[in-house]
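Each chain gets a letter, A, B and so on, in the order its sequence line appears, and its residues count up from 1.
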Amino acid sequence: MSTILLIEQVLNGLQSGIMLFLMAAGLTLIFGVMGLINLAHGSLYMVGAFAAAAVAAATGSFVLALVAALVAAAAAGAIIELVVIRRLYDRDHLDQVLATFALILIFSEGTRWVFGSFPLYLDVPAALSGPVTLPGGILYPAYRLLIIAVGLVIAAGLFALIAKTRIGIQIRAGEADREMIAALGVDISKLYTMVFALGAALAGLAGALVGAIQSVQVGMGEPVLILAFVVIVIGGIGSIKGALVGALLVGLTDTLGSVLLPIFFASFMDQSSATAVGSALATMSIYILMAGVLLFKPTGLFGKA
Amino acid sequence: DGHGGKVKVGMITTLSGGGAGLGLDVRDGFMLAVKGNEAIELVVEDDQRKPEIAVQLADKMIQSEKVDVLTGIIWSNLAMAVVPAATAQGKFYLSPNAGPSALAGKGCNPLYFNVSWQNDAFNEAAGAWSNENGIEKVFLMAPNYPAGQDMIAGFKRTYEGTVTEEVYTKLGQTDYAAEIAQIRASDADTVYFFLPGGMGISFMKQYAGSGVDKNVMGPAFSFDQGILGAIGDAALGVKNTSHWSKDLDVPGNAEFVEAFQAEYDRLPSLYAAQGYDTGLLLASAAAKADVKDADAFRAALAEADFQSVRGKFSFGANQHPVQDIYMREVVKEGDVVTNKSLGVAASDHTDVYGAECSM
Amino acid sequence: MISERTVNIFLFALLPVTVLAAWLLDEPFIITLATKAAILALAGVGLNIALGLGGLVSFGHAAFFGLGGYAMGILASHAQSYAPLMEVPFLIEGTKSMPVIWLVALVTSALAALAIGALSLRTSGVYFIMVTLAFGQMLYYFAISWPAYGGEDGLSIYVRNGFPGLNTLDPVQFFLIAFAVLTVGIFLAWRLARSAFGLALSAARQNAERVETVGLGPYRIRLVAFVISGAMTGLAGALFADLNRFVSPTMFSWHLSGELIVFCILGGVGRLYGPVAGAMLYVLLEHVLGGLSAYWHIYLGLLLLLVVLFARGGLIGLLSGREVAHE
Amino acid sequence: MSDLLDIRNLKKSFGALKATDDVSLTLRAGEIHALIGPNGAGKSTLIKQIAGGLRSDAGSVHFAGRDVTPLSTVARARAGLGRTFQISSLAMEYTVLQNVLLGALGQDGGVMRFFRPIMARNDLRDRAMTALTRVGLESHAAKRTADLSHGQRRQLEVAVALTLSPKVFLMDEPMAGLGASGSQRMTGFLDGLRSEAPILLVEHDMDAVFALADRISVLVYGRVIATGTADEIKADPAVREAYLGEEEEA
Amino acid sequence: MSFLSLTGITAAYGPSQALFGVDLALEAGEVLALMGRNGMGKSSTIKVICRLLKHSGGTVQFDGRDIGNLPPHKAAQAGLGLVPEGRRCFGPLTVHENLHAAARPGAWDYAAVCDLFPRLGERRDQVAASLSGGEQQMLAIGRALMTNPTLLMLDEATEGLAPVVRQEIWAAVATLKRDTGLALLVVDKSLAELRRVADKAVILERGRTVWSGGIDALDRVVADQFLGV
Ligand SMILES: Nc1ncnc2c1ncn2[C@@H]1O[C@H](COP(=O)(O)OP(=O)(O)OP(=O)(O)O)[C@@H](O)[C@H]1O
Ligand SMILES: Nc1ncnc2c1ncn2[C@@H]1O[C@H](COP(=O)(O)OP(=O)(O)OP(=O)(O)O)[C@@H](O)[C@H]1O
Ligand SMILES: [Mg+2]
Ligand SMILES: [Mg+2]
């Protein structure tokens, strides 16, 4: 394989990592900071994508579509929090798992009911639809650069929100002892609704941004959900930095694994079995990565013991 | 004629979750074909695309509903789960989609009729067409699972040019940046791929944004009507092989397209066409023989005495189709992105597994 | 409130009574459903040992379920094709005998649980959930892309395996086999919960530090529990494969792990009959609602939601109130 | 008198902070050795180093003539080190009885018994009930631990340690949270306990310490600054300044 | 009307009743000692005042209004400061973050708290979970002061503190009372130390007020009967 292709693949790995971070960002917030296992995160991602597709179809504007994704997902998040999640904070994690699993069912089929069973059309805006030339002569889709930029901005913003602001402190205090922070005069319920809505909005934004280069269809949130969990667990729960690093690691492993493993096996096997073994191993690679990381660092790369 | 026997049909298909669009089309096409037919009684159940549910539904239809004929399954892994069990219990099975090689060869069965295609068919046709249309070097890509491997093998069976790369992706993969980079770096002139459902949508959109401009070709599954709407202009110009196209000039096809649109308010897909043909086939057999007389009914089915919307249609010795496969191209008609037929890619095509079938 | 014991007796009797009624009414499919519920309940009872008693939320129990299933699939397919499983260093032939298959399923899944548990138990909490998921997913992808036994297509076994002295093709008899195994499973789980081991395991869930300071090693206790749990789920997998006469990688999928967890929570976490109640309700809903509307998942979701929100302690909690610390 | 527990030059740092800095102590059969010192002096750290919850940076722990430094918490507990926590650490969903049963089970060691109900083990039950009776919790045996008041939990903590019949007790503030009357009772109780096994007692309740301790060691900033009898310690000006303050004698 | 007054409070944890009729009254600037043996309902009473435990009967009045229906954070904003039993510091947060989490403007700020407990200043960026027991106790007090309450409730706030620190805390309490007019409700086991700071006392026995009066009136007989000393 040529060096330039290898560089390009590394870039692709990093890029896909940032994309993963974008999808995981909202989950990190809700899961890492509020301590809530929200399986319905993927559904909020889907809600964002569908809202964007519907608005883009109606108005033709990509910006409006993104706004719609944010609003729809935030609203869905706030409603979920007020109606369901709010009653589950003092419960076992398992109750949250069951409730949010139920929400997946409701959201998926609800979306199918409203939008039908066929994938929707959502495409990148014309201005960003082509490739740009990077230094070194690498052609790179402009839209993907946008995704990288948005991902990095969100990472920085979340980091500042959690680590540097008083709201961040209060949220974390609430996770440690909800009753106590309330007894000190903080309206933790309202705060949690806001955080949940924010996490949902991030999921919705990711759904719209990523949906434009993938397929907008019912069930699109499920693989994302698992991947997002993998990412934040590798990074260490509650750590934004960890989520970013975890996402990049997963992106690189996934991309380079699928490219390099078949080549690696071909060096000592015949071509067709090398392709078979290599790609089989590549599909397992991120899970092997996760298990490996957790065996050496049982609380993830940046998690607190 | 006039045996007066009714046929009870159990349809197990995917009506919820990710792949529901395909199941809906098959169901609607079938219902359109048997609409008003007194001899056919239909029960439909949703398999949720889970093999074990499909097996249990088959049991239910056989044991409780006492159906005579089963049909409806979309996915080859579900078919592999249901068909052997159903035929073992003496029920007919008509496949409106999916044709795993195992059921065409050693596993063929007198009670199993495939009304769609064998997995390799579209690919063999595409390979043959490529030989004649100056396609010299191809980049092959499919998900790493049996159907994907079958499709690639099918293409390679007939294709005589050079295969530059053969790439197997994760099943359900959504990001193809790495593969697109490989395609860009490859010296192939054509990309041939099989990526059903959302995978194909994602790939095509990303490919269009990448600036790579090699020819794109594949079996029809990634370019069918239900999906084209979601890919949009990115799919224009793509060549794909299919046994049916909306614009085929064969008796009954235009009427079918029109009736389907009138009934369901959407364009029919190839799945709808297969469902429709399956319905017609069944109706033709039901008119000739009583299903309780298995031998007679089987003979009636084997005659394939109906006007297929694909034109020529008959069964080979392994009861898999002998039919023409066409090359189609994705075009825009007004606002609608759809397929246009370019002509026959392989005529009277039949599968290679029939030789292994001892029936 | 009804006492938990009464609820349990009712739940226990429900399956055979249903089957009897179905048999009288000649509704063989209901018998199949009851069998399915019994087998899934067994898998849930297995999971519940780790999950309810030990607090080990395994999101990868499908691994054991699938291994049990493939133990059946591989052995039976070799018997079906008369090709030995392996010839060197010694000959292993396929088999169609249930007891042998069960034994293999138990041993395989126990060994897998030992390996997976030994590694996973180094972590805890959500990390444990995810690392078990990772192992499950590895097996899932492996099964999908490994062509020898059908890959994603799975393996069909044309005739159900045999059990000495019984006709397993008769739905009622096969139900009785599954139900008997379930009964044994419940009995073992019941004794286990009340045994010295159960006391220590449950204490390790509540406070591991406490268990250490009384001189008991929580890691070893949990590992043993995980192995027992995995083995029982593996056995259920073998039965499930026999019920369908079919195995495929979906038996390894995370949806299945999730469903097993759902059974436990739905019925009541840590309650002996929790997974039994959960599995029965789930199977019932799946098949009743499935017939009502194409959008039946919405109703299923709403029902589950109602249970979590308003029935603390799951179904059994709803019926019999807060758990009384035993004896 | 022999030294049952012999701690030599233990050290533990957290970053730049030396929580324990070259601490050596002994505990002889039949004595109560009190360890006092300002908050954050390193007392609990030391207890954890002895019991095994925390690996020492340097130094060794000898117990009953054997070097237990490399052993895990579990192994040390089995060897006979019984510990109570500064902040109650109990199985909260269990009944009071089940918590002490767990201790009895730990003492018995037969945890890999999967079939016989634990409640049928009369030996363990008796042992557990005896321990509850000794701390005065017998009437609460069937109560859920989570429903106990703070002080009652402290008593239960001691009862669990009793069931282990350890050779040595390591007690981290057993009086904390007990009311005045509770403290008095506990004082009387510990007084009797020393004949069963010696006690290394960390406590801020000076009434109790002065009433009970045969020897007192004072830990300040991770170092032992004085060891002696109650009177010697009371008279030590450095101790008065660092710890006791102007407290008049109780 | 009193600054804080509880009349006829009854309350239960699920099925088990803990309070059977608690009455107490406290004036602004006063220090009230709440006494009773283990498990008699002192902490439960405090929880009722902070709204962490719902009462089933009786009334809770604070600063001229009925706070019996407020959610906990509203009650706290009305001027209640709590140092709970068992400290309950926010374990994963640093000392500095613990203090700032719920701070409200007023005389007590970070500098003032560090003046009172210099140790907290030294441990500024250490996470609370790794503090020594006594340090956590100081943190809990500091955290409550940072909300600038008008009534501070100390539930066993000197538990586990070294005698010197305890003396400092009592001195601080005396200062608070003298200089800021802060009202205090104190639960503590040392009768001797309470006598020095408290103005009056209420004794609970099995969830009921059984004695109340000036601290000076609390003689040997009463102490013997209810407190067992
Ligand atoms: N894990 C840790 N990381 C950092 N510092 C720690 C850790 N554990 C303890 N410390 C620090 O070590 C010092 C000693 O703590 P230790 O708990 O041993 O004190 P102590 O003597 O028991 O005090 P107290 O009487 O208040 O309980 C304290 O300053 C504490 O903050
Ligand atoms: N969370 C709870 N659930 C159930 N019962 C409880 C709970 N907390 C306390 N109790 C019960 O309520 C009664 C009063 O407890 P409370 O904590 O108010 O006592 P206290 O006077 O503060 O005792 P202590 O001095 O030991 O802290 C006790 O009998 C206790 O068992
Ligand atoms: Mg301490
Ligand atoms: Mg209290």
- Item | Closest-packed option against chain B by number of heavy-atom pairs under 4.5 Å, given A:Gly116, A:Ser215, A:Pro223 | A:Ser215
- Note on the structure: Taken to the nearest 0.5 Å, the spacing of B:Gln206 CD from A:Arg144 CZ works out to 4.5 Å
- Item | Interatomic spacing from CE in A:Met19 to CG in B:Asp175 - rounded to 0.5 Å | 3.5 Å
- Item | Under 4.5 Å from any heavy atom of chain B - which part of A:Pro119 | both
- Test item: A:Gln214 side-chain N/O and B:Ser202 main-chain N/O as donor-acceptor pair under 3.5 Å: no
- Please test B:Arg266 against A:Phe118 for side-chain contact (heavy atoms from CB on, under 4.5 Å), starting from the C-alpha separation and ending with a verdict. CA-CA 11 Å; B:Arg266 64 176 192 268; A:Phe118 296 95; 3.9 Å; yes
- Task: May I ask you to decide if A:Met284's main-chain N or O and B:Lys170's side chain share a donor-acceptor pair within less than 3.5 Å?
- Result: no
- Query: Quick one: what part of B:Ala181 sits under 4.5 Å from any heavy atom of chain A, side chain, backbone, both or neither?
  - Reply: both
- Query: Is B:Glu179 close to A:Ser258 at the side-chain level, that is, under 4.5 Å between some pair of heavy atoms?
  - Reply: yes
- Query: About how many Å separate OG of B:Ser186 and CG of A:Leu5, when rounded to the nearest 0.5 Å?
  - Reply: 10.5 Å
- Which atom of A:Tyr121 lies closest to which atom of B:Gly232, heavy atoms considered: CE1-CA, 3.5 Å
- Just how far is it from atom CE of A:Met23 to atom OG1 of B:Thr174, taken to the nearest 0.5 Å? 6.0 Å
- Winner by heavy-atom pair count (cut-off under 4.5 Å) against chain B, out of A:Thr283, A:Ile213, A:Leu128: A:Ile213
- Roughly how far, to the nearest 0.5 Å, is the CG atom of A:Leu281 from the CG atom of B:Asn144? 11.0 Å
- Item | B:Gln173 side, atom CD; A:Asp254 side, atom CG - distance, nearest 0.5 Å | 6.5 Å
- Query: Ignoring hydrogens and geometry, is there a side-chain-to-backbone donor-acceptor pair from B:Lys205 to A:Leu122 under 3.5 Å?
  - Reply: yes
- Note on the structure: In short, B:Ala178 meets A:Val259 closest at the heavy-atom pair CB-CG2, 4.0 Å
- Query: Using non-hydrogen atoms only, which part of A:Gln15 is less than 4.5 Å away from chain B: side chain, backbone, both, or neither?
  - Reply: side chain
- Does a sphere of radius 6.0 Å around CG in A:Asp270 hold more than 12 heavy atoms from other residues, nucleotides or ligands, not counting ones at 6.0 Å or beyond? yes
- Region of B:Leu15 that comes under 4.5 Å of a non-hydrogen atom in chain A: backbone
- Query: Which region of A:Leu120, side chain (C-beta onward) or backbone (N, CA, C, O), has a non-hydrogen atom less than 4.5 Å from a non-hydrogen atom of chain B, or is it both or neither?
  - Reply: backbone
- Message: Report which part of A:Ala280 has an atom under 4.5 Å of a heavy atom belonging to chain B: side chain, backbone, both, or neither.
- Response: both
- Query: Of the listed residues (A:Gly278, A:Gly13, A:Ala282, A:Ala212), which shares the most heavy-atom pairs with chain B below a 4.5 Å separation?
  - Reply: A:Ala212
- Taking everything shown except B:Lys214 itself, do over 12 heavy atoms lie less than 6.0 Å from its NZ? yes
- Note on the structure: Looking only at B:Gly211, B:Ala185, B:Ala177, most heavy-atom pairs under 4.5 Å shared with chain A are made by B:Ala177
